Amino acid sequence: MIPLVSFRSGDEHTLALEYVQMNKANLLTFKCADLSNPGMLHADNILAVHYADGGAQGDAGAVEILYYTQKDVQILYGNYAYGNLNLDAVIILLPMLKSLDSRYCFEPPYPFGGKLDIPVGWKYLYMGAMNHFFVRQEIAERTGEFIKTVIDETGGWEAFNAIAWFCGASNVKD
């Protein structure tokens, strides 16, 4: 069961179009906290995760976690390829990432033949260009029309940020 998150309310399709407009107008910049100590996190409070392979397009090696605290929903950011993020500590919290990490895969990682391990209670979306998105099933069900509309309008690249916005993560420009 997900914690008590304050989701945006209203028609999901309308909310999706609002998100797309704000994004196109460059009105969304999310506050990010440092993911320097993943061992201090509680796995039950993780709502979603964006994992970029070390050779991914975009921010290669990035890990973004949408995390619920008693005060708010935060985005935690670290980079294992070009920063100091300990990916092994993140994998302890999110074991599904192990099937994407080439250090543990005997086959090339998904989508190039490797088998993806998706735990019960999670949904998966391939964002493209070796970027991966996992979201708690309860949130995926609650945001189904919203995320479908965002992806139809912008592509899979926006999945993590769109869910972060829907769950009330802090926007620098608010």
Side-chain angles (χ1 to χ4, degrees), residues 1-33 35 43-53 55-69 71-79 90 93-94 96-97 99-100 109-112 114 116-174:
M1 178 178 218
I2 58 172
L4 299 173
V5 174
S6 297
F7 296 106
R8 292 190 184 271
S9 60
D11 175 68
E12 286 183 51
H13 184 75
T14 303
L15 287 170
L17 295 177
E18 178 183 347
Y19 171 83
V20 169
Q21 285 182 325
M22 290 178 70
N23 191 40
K24 285 181 180 176
N26 202 25
L27 297 174
L28 294 171
T29 304
F30 294 101
K31 294 178 186 175
C32 293
L35 180 58
D44 291 342
N45 289 16
I46 297 173
L47 307 175
V49 61
H50 164 229
Y51 170 88
D53 184 81
Q57 286 184 0
D59 191 4
V63 176
E64 294 176 291
I65 293 176
L66 189 61
Y67 191 77
Y68 175 80
T69 70
K71 298 184 304 186
D72 59 5
V73 174
Q74 299 178 350
I75 296 174
L76 307 175
Y77 173 87
N79 192 302
V90 176
L93 286 170
L94 299 161
M96 65 277 220
L97 299 182
S99 62
L100 297 168
Y110 183 87
F112 300 110
L116 201 58
D117 181 24
I118 304 171
V120 173
W122 288 87
K123 290 287 192 179
Y124 170 78
L125 171 71
Y126 180 63
M127 298 168 67
M130 299 305 295
N131 286 273
H132 306 272
F133 175 65
F134 294 90
V135 63
R136 290 211 176 261
Q137 186 168 346
E138 294 172 63
I139 294 175
E141 290 169 1
R142 175 148 187 154
T143 61
E145 176 69 25
F146 170 80
I147 200 64
K148 181 186 178 319
T149 302
V150 169
I151 290 171
D152 288 348
E153 294 287 324
T154 64
W157 290 99
E158 285 300 319
F160 181 84
N161 287 342
I163 293 297
W165 181 81
F166 194 93
C167 292
S170 297
N171 181 9
V172 174
K173 297 184 179 184
D174 280 344

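Computed from a predicted model, the values in this text were never measured in an experiment. Counting begins at 1 with the first residue of the sequence.
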For H13 and F146, I'd like to know if the aromatic rings sit close, meaning centre-to-centre distance below 6.0 Å.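 Judged by ring-centre distance (under 6.0 Å), H13 and F146 do not meet the cut-off.
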Heavy-atom pair of closest approach, residues [X] and [Y]:
X	Y	result
L100	D53	O-OD1, 3.9 Å
A159	F133	CB-CD2, 3.8 Å
L76	Y67	CD1-CB, 3.8 Å
D117	M96	O-CB, 3.0 Å
A43	R136	O-NH2, 2.8 Å
L97	Y51	CD2-CB, 3.7 Å

Does the side chain of [Y] come within less than 4.5 Å of [X]'s, by heavy atoms?
X	Y	answer
T149	E12	no
Y68	D44	no
V150	F166	no
I163	I147	yes
F7	C167	yes
I46	W122	yes
K148	D152	yes
W165	E18	yes

Nearest 0.5 Å please: distance from the [atom1] atom of [X] over to the [atom2] atom of [Y].
X	Y	atom1	atom2	answer
N79	E64	CG	CD	10.0 Å
Q21	E153	CD	CD	9.5 Å
S6	D72	OG	CG	10.0 Å
F134	I118	CZ	CD1	6.0 Å

Got a sec, which residues hit side chain to side chain donor-acceptor pair (under 3.5 Å) with T154, two or more places apart in sequence or on another chain?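 Result, side chain to side chain donor-acceptor pair (under 3.5 Å) vs T154: none returned.
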Considering residues, nucleotides and ligands other than Q57, do more than 12 of their heavy atoms fall under 6.0 Å from its CD?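 No, because the 6.0 Å sphere around CD of Q57 holds 12 heavy atoms or fewer from other groups.
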Please identify which of these residues, L94, L47, N45, I75, meets the side chain to side chain contact (heavy atoms under 4.5 Å, CB included) condition with I65.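 Testing I65 for a side chain to side chain contact (heavy atoms under 4.5 Å, CB included) against L94, L47, N45, I75 leaves exactly one candidate, L94.
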Those residues that, when tested against N131, pass side-chain contact (heavy atoms from CB on, under 4.5 Å) (two or more places apart):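 By the side-chain contact (heavy atoms from CB on, under 4.5 Å) rule, N131 matches H50, A52, A56, M127, A129, W157.
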Fit a plane to each ring of Y126 and H132, take the angle between them on a 0 to 90° scale, and name the class: parallel (under 30°), tilted (30 to 60°) or perpendicular (over 60°).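 Taking H132 first and then Y126, their aromatic rings sit tilted (interplane angle of 30° to 60°).
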For K24, which residues count as a salt bridge (Lys or Arg N to Asp or Glu O under 4.0 Å) partner, sequence neighbours excluded?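 Here no residue qualifies.
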